[in-house]
Amino acid sequence: MNDVSFTPSTTIFEQREALLEEWTPEELVGRDQELQQYHAALQPVINNETPSNIFLYGKSGVGKTAATRYLLQALERDAMAVDGLDLHTVEINCDGLNSSYQAAVALVNELRDPASQISNTGYPQASVYQFLFDELDTVGGTVLIVLDEVDHIEDDSLLYKLPRARSNGDVTNAKLGVIGISNDLDFRNQLSSKVRSSLCEKEVSFSAYNANELKLVLEQRKEVAFQPDTLDDGVIEMCAAYGAKDSGDARQALDLLLEAGDLAREQKEEIVTEDHVQQARERLQTDQVIKGIKNYSEHGQYVLHALTHLAETGETPARTRDVVGAYEQIVREEGFDPVSERSVRDYLGELDQLGIISSTEINKGKGGGKFKHYELEQSLTSVRLGLSELLDSG
DNA sequence: TTTCCACAGGAATAAAGGGCGA
DNA sequence: TCGCCCTTTATTCCTGTGGAAA
């Protein structure tokens, strides 16, 4: 590695960050109705009353998190002008936290300074809740707790305790409001009725973006992110159309535009074209596979490997028993023992949820029975590439 | 209308592993 | 070090499902 040097690349981007997820625009476009409802639900905070618990739901990438950041920023700014109102917000993302215990630990660590963080295991659950309530009391005032992707928490315990913490005497100094954000439209119905009534005091439903709304979002970001005249005609429309097709997800559309810009820059071109968008789409699909399964156990990856193999030999859609058969053969060739059929079914279900594969229910009736057919949802090339990177590195 | 099949998926449980406090 | 508490991953067992065929 001799003579390495960096030189600034072509100037397609003006402010590339404007296409990243964490960037909060000065104005949220295409979400007027949702913002109005959400604003009304937050009103008690500025009146220095006990905050309502708010539940936001809608598919991923429809602006729930962005709207939350946008409104909370405004709320924090305006709260400073109100006498006697001491507002704090704590936000955690529950992705990767699948129990109340883990979420409570994450909240404690979010509230504590880096030197006194606690570990993810080892404490009795009651102790973790006590740590949390102590921290909340220390903060005091009005505390809004944002639980993004709250549907990842598999038990109700934290969602039951937090809204009741004050009435149960667990906290005395702080007025708590919980804002739960969920991608899972059915999550609300899965909650026990006690939790539902308290957590879902105020509900705001976010609908999917249509292609026109997505175009507005992309146009808005384009103005900030790119230099003038660096996007070919049709690039924005194409990203918006893909975004609308992929369930109205603005994040995916923005990622696509960002990736297309990156590709153009890598190729030292000065204009982003529709061709770059196509290439970017392929690349993002590979990333989605890698991101989805990189934390999987080896067996989960082999299950996907088995389905990929069946797709290559033209045997998809494949029923469960065929996937299990292919999986067992691959694993044995690698010199491992396969996991049970039940576990393979769980892996297939998870891959389905991640959008890497898709399933269709088939019912052949008497003599044939009911079963599922699985096939790859992402392109074969993307999945192959993603898998080979993971299996090689693992 | 009833039967039947092939799973789907929930529940209970176990084993292994890691962190904590005494 | 030991017992406790929690997690993750897995297994076994079981009931439920639904539509074509009888």
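Every chain is numbered from 1, with letters handed out A, B, ... down the list of sequences.
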Inset, instruction - Using whole Å, report how far CG of A:L348 lies from P of B:dC7. - result: 12 Å
Inset, instruction - Sugar-phosphate means primed atoms, P, OP1 and OP2; the rest is base. With that split, encode nucleotides 12-22 of chain C 5' to 3' as B, S or - using protein heavy atoms under 4.0 Å. - result: B----BBBBBS
Inset, instruction - Rounded to the nearest angstrom, tell me the gap between atom CG in A:D346 and atom P in B:dC7. - result: 16 Å
Inset, instruction - Check salt bridge (Lys or Arg N to Asp or Glu O under 4.0 Å) between A:K215 and all other residues, then give those that pass, not counting sequence neighbours. - result: A:E237
Inset, instruction - Quick one: closest heavy-atom pair of A:A311 and A:T316, and the distance? - result: CA-OG1, 3.5 Å
Inset, instruction - Let me know the distance between NE2 of A:H299 and P of C:dT8, rounded to the nearest Å. - result: 18 Å
Inset, instruction - Find out whether A:Q267 and A:Q279 are in side-chain contact, i.e. whether some heavy atom of one side chain is under 4.5 Å from a heavy atom of the other. - result: yes
Legend entry - A:F371 six-ring centre to A:R321 NZ/CZ under 6.0 Å and within 45° of normal: no
Inset, instruction - Could you tell me if the ring centre of A:F226 sits under 6.0 Å from that of A:F13? - result: yes
Inset, instruction - Could you list by number each residue of residues 128-135 of chain A showing a heavy-atom separation from DNA chain B of less than 4.0 Å, or answer none if no residue does? - result: none
Legend entry - A:Y302 OH to C:dA10 P, straight-line distance once rounded to whole Å: 13 Å
Inset, instruction - Among A:L144, A:V45, A:I145, A:T68, find the one that has a side chain to side chain contact (heavy atoms under 4.5 Å, CB included) with A:T89. - result: A:L144
Legend entry - Nucleotide nearest A:V339 when distance is taken to its side chain, options B:dG9, B:dC7, C:dT11: C:dT11
Legend entry - Distance in angstrom units between A:Y347 OH and C:dT8 P, rounded: 13 Å
Inset, instruction - Only one of A:V331, A:I330, A:V383 passes side chain to side chain contact (heavy atoms under 4.5 Å, CB included) with A:H305; say which it is. - result: A:I330
Inset, instruction - Rounded off to whole Å, could you give me the CD1-to-C1' distance for the A:I362 and B:dA8 pair? - result: 14 Å
Legend entry - Non-neighbouring partners of A:E312 that pass side-chain hydrogen bond (donor to acceptor under 3.5 Å, both in side chains), sequence neighbours left out: A:R384
Legend entry - Distance-only donor-acceptor check, side chains A:Q130 and A:D134, under 3.5 Å: yes
Inset, instruction - Could you pull out all residues at least two apart from A:K161 that satisfy salt bridge (Lys or Arg N to Asp or Glu O under 4.0 Å)? - result: none
Give every pair of a protein N or O atom and an N or O atom of nucleotides 4-6 of chain C that lie under 3.5 Å apart, one pair per line with the distance.
{"from": "C:dC6", "atom 1": "OP1", "to": "A:Q125", "atom 2": "N", "distance (Å)": "2.5"}

Inset, instruction - Check the distance between B:dA6's P and A:E341's CD and give it to me in whole angstrom. - result: 12 Å
Legend entry - A:Y123 and A:F131 aromatic centres sub-6.0 Å: yes
Inset, instruction - Could you check how far CD of A:E328 sits from P of C:dA10, rounded to whole Å? - result: 14 Å
